[in-house]
Student: 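Input: one structure, supplied below.
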Number of protein chains: 4
Amino acid sequence: MELDFNSPKPIYLQMVDEVKKALARGELSPGDKIPSHKERAHISKVNPNTVQRAYQEMEREGLTETLRGQGTFIKNDPTLLVQIRSEMAQAAVKNFIEEMRGLGIEPEETERILRSQLYKGNEGG
Amino acid sequence: MELDFNSPKPIYLQMVDEVKKALARGELSPGDKIPSHKERAHISKVNPNTVQRAYQEMEREGLTETLRGQGTFIKNDPTLLVQIRSEMAQAAVKNFIEEMRGLGIEPEETERILRSQLYKGNEGG
Amino acid sequence: MELDFNSPKPIYLQMVDEVKKALARGELSPGDKIPSHKERAHISKVNPNTVQRAYQEMEREGLTETLRGQGTFIKNDPTLLVQIRSEMAQAAVKNFIEEMRGLGIEPEETERILRSQLYKGNEGG
Amino acid sequence: MELDFNSPKPIYLQMVDEVKKALARGELSPGDKIPSHKERAHISKVNPNTVQRAYQEMEREGLTETLRGQGTFIKNDPTLLVQIRSEMAQAAVKNFIEEMRGLGIEPEETERILRSQLYKGNEGG
DNA sequence: GTGGTCTAGACCACT
DNA sequence: GTGGTCTAGACCACC
């Protein structure tokens, strides 16, 4: 949700991920205008150039489109949401499985550990 | 084992993780000698300075100890393996759960997706 | 005719070129009235200010003249058409030749490539 | 050959084109190291960041690859040269033909004008 | 020294 | 005010 300024992952890439996640969660929809880079910079307490780089990256990935002088918009492609969502979910799962295999943990154990954590915050939070 | 030179995560931290994973998998054991930084540098095609920094980090974390003139050894602490293993597993699980929640994916769905991937490449690998 | 909003070339200059080309093609003639900037703005889906700037530029270049309350007209100069046409053609040729030389392509090869493309889409267009 | 600081085309894109042209002309070859962004910046009297942006763009296009701490290299792909060369030549030809058609100039006339200019600088230069 | 990121602030084209 | 480019200069990870 928040930017981690100490992460080795560049801020501008974190911002791209934030937009993708907001889209996946339905907080952003295709066609929506996203804040100008100056506004976003102010909100996130980041330099406008950094935001702009994030926006450039999103445009490059086909996630957004920009209208000269009007602003930046989530691309109005109905398949976008599903695409991004499954793309990111697959990546997260793949990464997790590899991590656990790297630790020599068996699939059954991986599943067990996940389950033990997965439903915890559900009651408490 | 597999360093990603384009990852934003510093190489030396990737190397620390590799040692931890090898320990978790049982490929390294407490008391084992690990290669000299020169040797390791050669194997991993990495600058010796980078390896040295990884070794420093491991020592700082209490993972290894250096014996003058004899080399660097995994600390001979029987609880180490279990500690590292569960520490890293917890971190991976936590990260995965957060990632999926960030995408607005429900726990049940998360579990389902994981299972669909978890038992796939298991026979081949 | 076809504005490229993502081109680095300013829209207003693209519009000037469009008028020149229409003149060269004979679609506009010296003395012709061109649409008011509001009308043009509506047709081209461009901000009226941008059109106005294009019109200013054309006037500055001696391409048009404005009659108070009557509108903007292509200058009634019989040599204008020939001038513009040869001017733009020379510029295009010069630019093309430089481009091909920049790629290290010999004149003979340039001619060959041009011919191979030049007579292709001619019947359909 | 030289950068045009007054062109509407961004400098960093001009620099990308320069590298492509040098490759097409055989002045650069796959595998070659290109100057560091600082060095290039000094040579071209441009800010290092601008050069870096050009280099990023080239990497994004698959034209170069970068080795952490070692520098930036033309990708060692034997087909690259031919690809780039024909890609750029086709683009130049297409652009030229469209320009001339936009001026209402017939293919035969286009060919004639080209020829009249093409072999000029050959003797004089 | 080399590439990568970030900040800060300026100028421009277009709305 | 909005995006796009550019300059200037700092800090970091790696060689």
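On a predicted model such as this, the values are computed, not experimentally measured, just so you know. Order of the sequence lines fixes the chain letters, A, B, ..., with proteins taken first and strands second; residue numbering starts at 1 for each chain.
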Student: CG of C:N6 versus P of F:dG3: gap in Å, rounded?
Tutor: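 Rounded to the whole Å, the gap is 14 Å.
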
Student: Stepwise, does the side-chain contact (heavy atoms from CB on, under 4.5 Å) test hold for C:M100 with D:M88?
Tutor: CA-CA 9 Å; C:M100 296 303 264; D:M88 292 191 83; over 6 Å; no

Student: Is the number of heavy atoms from other residues, nucleotides or ligands under 6.0 Å of D:K94 NZ greater than 12?
Tutor: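 Not buried by this count: 12 neighbours or fewer within 6.0 Å.
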
Student: Short question: side chain of C:R85, backbone of C:A24 - any donor-acceptor pair under 3.5 Å?
Tutor: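 Present.
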
Student: Only one of B:L80, B:T72, B:D32 passes side chain to side chain contact (heavy atoms under 4.5 Å, CB included) with B:T64; say which it is.
Tutor: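 Going through B:L80, B:T72, B:D32 one by one, the side chain to side chain contact (heavy atoms under 4.5 Å, CB included) with B:T64 is satisfied by B:T72 alone.
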
Student: Taking C:Q14 for its side chain and C:K9 for its backbone only, find out whether a donor-acceptor pair lies under 3.5 Å.
Tutor: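 Judged by distance alone, yes, a pair lies under 3.5 Å.
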
Student: Indicate, yes or no, whether a donor-acceptor pair under 3.5 Å links the base of E:dG4 to the side chain of D:Q52.
Tutor: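 Under the 3.5 Å cut-off, the side chain and the base do form a donor-acceptor pair.
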
Student: A side-chain contact here means heavy atoms from C-beta on lying under 4.5 Å apart; do B:N47 and B:I11 qualify?
Tutor: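 No, every pair of side-chain atoms sits at 4.5 Å or beyond.
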
Student: Please give, in whole Å, the distance from F:dT2 P to A:E65 CD?
Tutor: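 Nearest whole value for this atom pair: 18 Å.
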
Student: With A:R68 as the cation and C:F5 as the aromatic partner, state whether NZ or CZ is under 6.0 Å from the six-membered ring centre and within 45° of the axis.
Tutor: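 A:R68 over C:F5 ring: no.
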
Student: At a cut-off of 3.5 Å, list every protein nitrogen or oxygen paired with a nitrogen or oxygen from nucleotides 12-15 of chain F, distance to 0.1 Å.
Tutor:
{"unit_1": "F:dC14", "atom_1": "OP1", "unit_2": "B:I11", "atom_2": "N", "d": "2.1"}
{"unit_1": "F:dC14", "atom_1": "OP1", "unit_2": "D:R68", "atom_2": "NH2", "d": "3.4"}
{"unit_1": "F:dC15", "atom_1": "OP2", "unit_2": "B:T50", "atom_2": "OG1", "d": "2.5"}

Student: Determine yes or no for a side-chain-to-main-chain donor-acceptor pair under 3.5 angstrom, with B:E99 supplying the side chain and A:A89 the backbone.
Tutor: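 Between the backbone of A:A89 and the side chain of B:E99 there is no qualifying donor-acceptor contact (under 3.5 Å).
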
Student: Starting from Watson-Crick (N1-N3 plus N6-O4 or O6-N4) and G-U wobble pairs under 3.5 Å, report the runs of at least three that DNA chain E belongs to.
Tutor: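 Stems found: E:1-14 with F:1-14.
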
Student: Nearest whole Å is fine: how far is E:dG3 C1' from D:E59 CD?
Tutor: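 In whole Å, E:dG3 C1' and D:E59 CD are 10 Å from each other.
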
Student: Looking at D:T66, does any N or O in its side chain come under 4.0 Å of the phosphate oxygens OP1/OP2 on E:dG3?
Tutor: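 So the side-chain polar atoms of D:T66 never come under 4.0 Å of the phosphate oxygens OP1 or OP2 of E:dG3.
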
Student: Classify the angle between the aromatic ring planes of C:Y55 and C:H37 as parallel (below 30°), tilted (30 to 60°) or perpendicular (above 60°).
Tutor: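 Perpendicular: the ring planes of C:Y55 and C:H37 meet at over 60°.
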
Student: Closest nucleotide of DNA chain F for A:G71 versus for D:Q14: which of these residues is on the 5' side?
Tutor: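 Checking each residue's closest nucleotide, the 5'-ward one belongs to A:G71.
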
Student: Can you tell me how far P of F:dC6 sits from CD of A:Q56, to the nearest Å?
Tutor: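 Result: 11 Å.
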
Student: Without decimals, in angstroms, what is the distance between D:H37 NE2 and E:dC6 P?
Tutor: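 Interatomic distance, NE2 of D:H37 to P of E:dC6: 15 Å.
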
Student: With nearest nucleotides of DNA chain E determined for D:L67 and C:P48 from heavy-atom distances, which residue corresponds to the more 5′ nucleotide?
Tutor: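 The 5'-side residue here is D:L67.
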
Student: Which whole-number value in Å describes the distance from A:Y55 OH to F:dT5 P?
Tutor: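 In whole Å, F:dT5 P lies 16 Å from A:Y55 OH.
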
Student: Rounded to whole Å, how long is the line connecting atom CD of D:E57 with atom C1' of F:dG4?
Tutor: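 Rounded to the whole Å, the gap is 14 Å.
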
Student: Under 4.0 Å: is that the gap between some side-chain N or O of A:T72 and OP1 or OP2 of F:dG3?
Tutor: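 It does, given that an N or O in the side chain of A:T72 lies less than 4.0 Å from OP1 or OP2 of F:dG3.
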
